[in-house]
Amino acid sequence: MSMSSLARAIAAAALSVSICVLAPSGAAAQNFERPVRLIVPFAPGGTSDILARLIGPKLSAAIGQSVVVENKPGAAGNLGADTVAKAQPDGHTLLLMDVGSLATAPSLFSDLTFDVEKELAPISMVMFGPYVLAVHESVPAKSTKELIEYAKANPNKLTIANSGVGGATHITAVAMAKQLGIQWKNVPYKGGAAASRAVVSGESGVIINGAIATMPFVLNKQLTGLAVTGEQRLASAPDLPTFKEAGLPGGDAGTWQGILTTGGTPPAMVAWLNAEIRKILEMPEIQQKVAEQGGVVRAQSPEEFRTWLKDATGRWGTIIREAGIKGS
């Protein structure tokens with residue numbers, strides 16, 4: 001072989017190696033041939049939306065295609081979930097949401113247009129975030145004790161915002177009121193961000209909502225924080241007691257965010273997406289951003305996620321029946 005031929009061969013080999021290194025690992029085998037839709041079934045600015053916009057660019061780099069975050073609010077997340085349930089089962093349409101809403105839907109909505117268990121395929125849990133109980137400054141309460149006393153003295157005078165009828169925050173507020181012996185009016189909005197803004201503006205007086213979406217308003221003194229769910233206080237707000245410390249029920253409640261795709265998607269695709277998403281969740285910058293708002297990364301295998309969803313559906317179903325809550 002001549003020197004020029006050898007040089008061309010070496011250059012070709014180097015180019016081949018370079019292409020292999022730059023190509024997304026495993027992406028070609030999984031046939032990502034077009035942009036991926038990442039459906040958030042709530043309005044922009046809420047916990048699910050914030051997470052989607054953190055994860056989306058990282059996932060795009062992994063698959064070699066654009067990941068387009070699409071907000072599709074309505075029906076406590078059911079509208080967006082139905083879109084994913086009815087999509088082509090090829091892994092190109094994903095759903096990121098508070099999966100507590102998926103767990104409550106079968107017991108709440110008689111006209112549910114999709115089967116959670118059969119038409120959605122769990123990929124991975126993403127995070128757990130505590131709820132924050134907060135009030136507008138016009139509510140005469142600087143503690144949970146004062147809030148309960150005021151609510152008991154003024155039945156149905158307080159309005160409590162939630163992310164949608166049948167959502168986890170709605171059910172939590174109903175169950176809490178029943179256990180505390182108080183009455184307040186539940187007002188649904190198209191997602192946690194809209195609910196938070198409604199309380200900031202004074203349109204509603206009280207909110208129980210995910211910390212990631214709500215704590216910025218508390219820290220900026222736009223809302224008065226009263227308590228947080230979870231086992232420990234938030235590092236960003238150490239003066240806020242936990243529900244348990246404040247004597248409130250529902251201390252284990254919170255927002256569980258997960259990613260799913262269309263039922264019937266090939267297991268190999270689901271497994272590959274799970275592996276890549278878990279790599280993203282292990283990135284220090286992602287963990288730091290989640291932790292800054294009081295969240296904790298909680299990655300799971302598809303099987304673990306499916307088991308969690310099944311168990312949560314049973315637990316929420318019992319609460320919904322005992323509280324007599326109706327969706328539609």
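Positions are given from 1 along the sequence.
- Side-chain contact between Val135 and Val199 is absent, with no heavy atoms from C-beta onward closer than 4.5 Å.
- The shortest side-chain heavy-atom distance between Leu96 and Ile39 does not fall under the 4.5 Å cut-off.
- Listed by first then second residue, pairs satisfying side chain to side chain donor-acceptor pair (under 3.5 Å) with a partner in residues 115-132 number zero, not counting sequence neighbours.
- Within 6.0 Å of the CD atom in Glu137, the count of heavy atoms belonging to other residues, nucleotides or ligands does not exceed 12.
- Under 4.0 Å is where a charged nitrogen must lie from a carboxylate oxygen, and between Glu285 and Lys58 at least one such pair does.
- Note: Trp256 and Phe305 fail the aromatic proximity criterion, with ring centroids not under 6.0 Å apart.
- Counted by atom type alone, Thr93 and Gln88 present zero donor-acceptor pairs between their side chains at under 3.5 Å.
- Contact of the Ile182 side chain with the Ile148 side chain is registered, since non-hydrogen atoms from C-beta on lie closer than 4.5 Å.
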Side-chain donor-acceptor contacts of residues 205-218 below 3.5 Å, not counting sequence neighbours, with atom names and distances?
unit_1 : atom_1 : unit_2 : atom_2 : d
Asn209 : ND2    : Gly192 : O      : 3.4
Asn209 : ND2    : Ser196 : OG     : 3.3
Asn209 : ND2    : Thr214 : OG1    : 2.9
Thr214 : OG1    : Ser196 : OG     : 3.3
Thr214 : OG1    : Gly210 : O      : 3.0

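- With respect to the salt-bridge test (charged N to carboxylate O, under 4.0 angstrom), the residues Asp49 and Arg53 qualify.
- Counting only heavy atoms from C-beta outward, the side chains of Asn78 and Leu112 approach each other to under 4.5 Å.
- Among residues at least two apart or in separate chains, side chain to side chain donor-acceptor pair (under 3.5 Å) pairs with a member in residues 97-109 are Asp98-Thr255.
- Salt-bridge annotation for Asp90 and Arg34: present, with a side-chain N of the basic residue lying under 4.0 Å from a carboxylate O of the acidic one.
- By the neighbour-count criterion of 12 heavy atoms within 6.0 Å, atom CD of Gln232 is sparsely surrounded, having that number or fewer from other residues, nucleotides or ligands.
- With a 4.5 Å cut-off on side-chain heavy atoms, Trp308 and Thr313 do not count as touching.
- A salt bridge does not link Glu282 with Lys279: every distance from a Lys NZ or Arg NE/NH1/NH2 to an Asp or Glu carboxylate oxygen is 4.0 Å or more.
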